[in-house]
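Scroll down for the structure; my scribbles are underneath it.
If you're wondering where the values come from, they're calculated on a predicted model, not measured in any experiment. Computation of the quantities below employed the complete heavy-atom set of this structure, encompassing side-chain atoms and omitting hydrogens, waters and symmetry-equivalent molecules.
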Amino acid sequence: MKSFVWQLPLTLALALTLQESLTGPAKSPYQLVLQHSRLRGRQHGPNVCAVQKLIGTNKKYFTNCKQWYQRKICGKSTIISYECCPGYEKVPGEKGCPAALPLSNIYETLGIVGSTTTQLYTDRTEKLRPEMEGPGSFTIFAPSNEAWAALSAEVLDSLVSNVNVELLNALRYHMVDRRVLTDELKHGTTLTSMYQNSDIHIHHYPNGIVTVNCARLLKADHHATNGVVHLIDKVISTTTNNIQQFIEIEDTFETLRAAVAASETLNRILGDPEALKDLLNNHILKSAMCAEAIIAGLSMETLGGNTLEVGCSGDVLTLDGKAIISNKDNLATNGVIHYVDELLIPDSAKTLFELATESDVSTSIDLYRQANLGSHLSGTEHLTLLAPLNSVFKDGVPYIDANMKNLLLNHIVKDQLSSKYLYHGQTLDTLGGKKLRVFVYRNSLCIENSCIAAHDKRGRYGTLFTVDRILTPPIGTIMDALKVDNRFSMLVAAIQTAGLTETLNREGAYTIFAPTNEAFQVLPPEELNKLLGNPKELADILKYHIGDEILVSGAIGALVRLTSLQGDKLEVSSKNTVVNVNKEPVIETDIMATNGVIYAIKSILQPPANRIQDQNTNLHSALEILRRAPAFSKLQSMCDYWRECISQLKDHQKNVS
């Protein structure tokens with residue numbers, strides 16, 4: 001047993017070593033993007049990389065597969081060009097870039113990779129060039145010539161006015177006293193610089209972009225005899241303040257504090273520790289994101305668990321599609337700060353009124369305001385608002401009277417709910433005193449006749465459910481609802497004759513397709529009298545109109561087969577908002593009752609057995625009519641003549657034999 005315990009780690013170690021030798025170590029995102037660029041450029045010769053150049057700028061990017069086909073960076077068009085991959089150069093008369101760059105010291109390599117300005121400033125110091133040319137092992141993140149040119153005159157003057165202190169320190173901050181290749185540039189790590197051991201902050205993103213203090217790595221891993229050179233797109237500087245300290249000393253945020261004090265919404269949030277915490281967490285992404293790493297839209301999670309859509313349009317960063325980032329890439333010791341021109345208030349810090357105002361249910365909110373019920377939407381009661389979409393009111397807004405006010409109260413449930421916890425048959429109490437039922441279907445979640453049409457918005461105290469229609473609470477049993485509607489007086493009489501009154505008055509879950517008086521009146525008088533005079537047959541037909549579950553119209557898809565109390569199936573479908581049962585149109589849907597739902601129809605549905613019997617009767621009638629017709633007699637005589645001829649012919653053949 002002991003030998004097994006010792007052998008197991010050894011076996012695993014051998015297996016892991018073998019696997020690594022076969023597949024090689026995992027490549028970093030930068031290396032994968034560089035590899036893809038090589039593949040795209042190989043038709044042009046060895047060591048040629050395809051790069052995407054942003055039209056109208058000098059910005060170039062090694063391309064990944066998605067970018068290759070989209071040909072876009074931050075929504076702007078790019079062109080593909082082909083150039084030598086890092087570490088290689090052209091040879092006159094030969095295809096591609098077959099030769100490795102000459103290996104020289106760091107100082108000479110700066111010139112080779114396109115950082116001659118760094119060479120120039122190195123020469124101005126007394127100490128740094130000998131160090132770059134001498135023995136040792138160093139890494140330098142060398143700003144490109146364009147990066148130096150982009151420095152403000154004020155910053156540049158401060159550097160060159162004191163070359164042996166300010167300029168020397170700035171250059172040393174770009175250096176590390178050991179060799180560091182891209183496979184060691186892990187996301188969120190720091191490197192110790194050669195200036196007072198200050199930290200250099202590294203971020204390595206899944207899209208292959210690597211940043212150094214938010215400066216983008218342009219070309220990496222240029223080997224030198226005494227180290228390695230990485231070309232970056234900015235001159236970087238030290239940072240000593242964390243995010244909290246940065247905000248406290250930055251004058252710009254005084255304006256923010258003044259704006260907060262003047263805002264009613266923000267005053268409310270500042271007085272609510274829970275809402276304030278949510279507000280602050282919604283401004284903090286779970287991972288540091290430098291602007292240079294954003295080349296297309298992506299979803300980023302905040303500390304509060306919400307998602308912000310971070311994108312770009314040219315040089316402008318966007319949040320949720322809005323260009324509200326005014327100052328980007330302010331580096332702190334523990335992250336990156338981007339200034340935004342709006343507060344990012346999360347749903348979890350908002351009132352029901354604020355949630356609804358920003359959603360597609362603003363018409364509903366206007367109704368609550370007109371009915372003087374707005375206090376329920378802005379207070380601290382734990383509630384859920386069932387708010388119909390604005391499109392529900394396209395034909396007009398209802399008048400506010402006592403009944404409408406009570407209906408609005410019945411759209412507010414006395415608890416803060418989450419739709420994912422609702423279950424079939426659950427009842428919900430409203431501020432208007434009604435009990436609402438929950439119906440869970442395959443593709444719909446409905447509360448009475450209203451089905452949820454969008455994701456929940458959960459606020460500080462209330463939750464917003466966006467629904468597809470005005471909710472109509474039940475007004476009584478199915479029989480109660482039929483009796484108070486004059487359109488169904490003949491149906492009520494038929495139900496009483498058939499002995500189904502008790503069924504439709506008791507507790508249950510039914511869907512009834514209710515024929516109107518017009519449906520009975522179009523029947524021939526003798527057929528109607530026959531039907532009403534046979535309670536058993538009448539009950540059978542009426543039961544075929546009653547489904548054994550509640551099916552509201554919002555849950556009806558292309559086809560739903562509903563079992564009737566008679567036993568046969570009813571075929572219910574919906575197309576272009578029109579509901580049909582057995583291909584007969586429904587003239588009104590979702591008349592809600594405590595024990596079911598009523599659909600009004602203008603025809604009487606026939607069970608399948610009756611339809612077959614009717615078809616047979618019709619067929620016999622048609623044949624009888626045909627027999628009585630003169631043409632039929634002639635046809636029958638002709639058939640008899642030919643039948644006699646064929647019989648005689650057969651007899652003749654027998655005699656010949």
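- Ring-plane geometry between Trp148 and Tyr121 is classed as tilted, the angle between the planes lying from 30 to 60 degrees on a 0 to 90 degree scale.
- Without hydrogens or angle criteria, Tyr173 side chain to Gln196 main chain gives no donor-acceptor distance under 3.5 Å.
- The cationic atom of Arg216 (NZ for Lys, CZ for Arg) lies less than 6.0 Å from the six-membered ring centre of Tyr61 and within 45° of the ring axis.
- With no hydrogens or angles considered, a side-chain donor-acceptor pair links Gln244 and Glu248 at under 3.5 Å.
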**Message:** Thr384 vs Phe465, test: side chain to side chain contact (heavy atoms under 4.5 Å, CB included). Steps then yes/no.
**Reply:** CA-CA 7 Å; Thr384 298; Phe465 286 177; 3.8 Å; yes

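- For a disulfide, the SG atoms of both cysteines must be under 2.5 angstrom apart; this fails for Cys84 and Cys49.
- Side-chain contact of Thr225 with Asn105: a donor-acceptor pair under 3.5 Å is absent, judged by distance alone.
- Salt-bridge check for Glu83 with Lys219: passed, with a basic side-chain N closer than 4.0 Å to an acidic carboxylate O.
- Checked for salt-bridge contact, Lys457 and Glu358 miss the test: no charged N lies under 4.0 Å from a carboxylate O.
- Between Arg460 and Glu274 there is no salt bridge, since none of the side-chain N atoms of the basic residue sits less than 4.0 Å from a carboxylate O of the acidic one.
- In this structure, Arg129 satisfies the cation-pi test against Tyr107, with its NZ or CZ atom closer than 6.0 Å to the six-membered ring centre and inside 45 degrees of the ring normal.
- Side-chain atoms of Gln70 do not come within 3.5 Å of backbone N or O of Gln67 as any donor-acceptor pair.
- The backbone N or O of Leu110 sits nowhere less than 3.5 Å from a side-chain atom of His222 that would complete a donor-acceptor pair.
- Pairing of Cys74 with Cys312 by a disulfide is supported, the SG atoms lying closer than 2.5 Å.
- Using modelled atom types, one finds a donor on one side chain and an acceptor on the other under 3.5 Å when comparing Asn306 with Asn282.
- For Phe141 and His174, the ring centers are positioned 6.0 Å apart or more.
- Listed for the Asn213 side chain is no donor-acceptor partner under 3.5 Å among the backbone atoms of Ala215.
- Side chain of Thr118 to main chain of Pro143: a donor-acceptor pair is present (N/O by atom type, distance under 3.5 Å, no hydrogens or angles).
- Electrostatic pairing of Lys322 and Glu309 does not count as a salt bridge here, judged by no charged N lying under 4.0 Å from a carboxylate O.
- Using a cut-off of 4.0 Å between Lys/Arg side-chain N and Asp/Glu carboxylate O, Lys59 and Asp315 are scored as salt-bridged.
- Looking at Thr116 and Asn145, their side chains do bring a donor and an acceptor atom within 3.5 Å of each other.
- Screening His204, His203, His201 for a ring pair (Phe, Tyr, Trp, His ring centres under 6.0 Å) with His187, the sole residue that qualifies is His203.
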